[in-house]
> 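Sending over a structure as structure tokens; questions will come in a sec.
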Amino acid sequence: MNRHVFALQRVARRALSCSARRQLENQVPKNQKLFQEDNGLPIHLKGGISDSLLYRTTMVLTVVGTVYVVYELVKASFPQKKV
């Protein structure tokens, strides 16, 4: 049992103490250029297709939720007829 714990500690220490195997490219200048570009789009849609899909999904869910709440309020405001 202890052998497994010591092996895990050794692997964890080795993984955390090593330098990064690959250096990541700095994406900030590219993103700044993309988001500061004057193309007439609002900032929340400048990220591309994924931002557009997320925005539209959010709007559809908001409208559906609002309609459902209004429906439930109208249904609750008129009492059920007892037979």
Side-chain angles (χ1 to χ4, degrees):
M1 176 67 181
N2 287 337
R3 183 178 59 191
H4 297 296
V5 173
F6 291 133
L8 180 63
Q9 285 176 344
R10 191 174 341 115
V11 169
R13 191 177 313 123
R14 189 179 318 140
L16 293 175
S17 65
C18 294
S19 62
R21 291 193 173 110
R22 62 183 172 140
Q23 296 294 323
L24 296 176
E25 181 184 344
N26 188 4
Q27 300 285 326
V28 173
K30 183 183 78 161
N31 287 338
Q32 282 178 337
K33 183 178 179 185
L34 173 73
F35 284 101
Q36 290 177 355
E37 185 177 293
D38 186 22
N39 56 4
L41 289 174
I43 190 71
H44 59 275
L45 294 177
K46 286 190 177 187
I49 287 291
S50 61
D51 281 350
S52 178
L53 286 175
L54 183 62
Y55 174 74
R56 288 179 182 168
T57 303
T58 303
M59 288 299 110
V60 166
L61 288 174
T62 302
V63 169
V64 168
T66 303
V67 168
Y68 181 70
V69 166
V70 169
Y71 167 76
E72 288 295 325
L73 284 171
V74 168
K75 190 172 94 174
S77 65
F78 296 111
Q80 297 277 335
K81 293 183 180 179
K82 294 184 180 181
V83 178

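Excluded from the calculations below are hydrogen atoms, water molecules and symmetry mates; all remaining heavy atoms, backbone and side chain alike, are included. This structure is a prediction, so every number in the text was calculated from the model and none was measured.
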> Output all residues satisfying salt bridge (Lys or Arg N to Asp or Glu O under 4.0 Å) with Lys75, sequence neighbours left out; order by chain, then residue number.
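Partners of Lys75 under the salt bridge (Lys or Arg N to Asp or Glu O under 4.0 Å) test: Glu72.
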> Near Phe35 CZ, under 6.0 Å, is it more than 12 heavy atoms from other residues, nucleotides or ligands?
yes
> Hey, quick one: are Ile43 and Leu34 part of the same hydrophobic cluster, counting side-chain heavy atoms closer than 4.5 Å, chains of contacts allowed?
yes
> Quick check on Gln80: does its CD atom have over 12 non-hydrogen neighbours (other residues, nucleotides or ligands) under 6.0 Å away?
no
> Look only at the side chain of Ser77 and the backbone of Val74, and say whether a donor-acceptor pair between them is shorter than 3.5 Å.
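Checked: pair present.
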> Which pair of heavy atoms, one from Asn39 and one from Lys46, lies closest together, and at what distance?
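Shortest heavy-atom separation between Asn39 and Lys46 comes out as OD1-CE, 3.4 Å.
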> Count the heavy atoms of every other residue, nucleotide or ligand shown that sit under 6.0 Å from CD1 of Ile49, and state whether that count exceeds 12.
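Atom CD1 in Ile49 is not packed in, count stays at 12 or less.
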> Say whether, by atom type as modelled, one donor and one acceptor occur between the side chain of Thr58 and the main chain of Leu54 under 3.5 angstrom.
yes
> If we check side chain to side chain contact (heavy atoms under 4.5 Å, CB included) with Val60, which of these qualifies: Val63, Val64, Thr62, Thr57?
Val64
> Quick check on the hydrophobic clustering: are Met59 and Leu45 connected, directly or via other members, by side-chain heavy-atom contacts under 4.5 Å?
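Met59 clusters together with Leu45.
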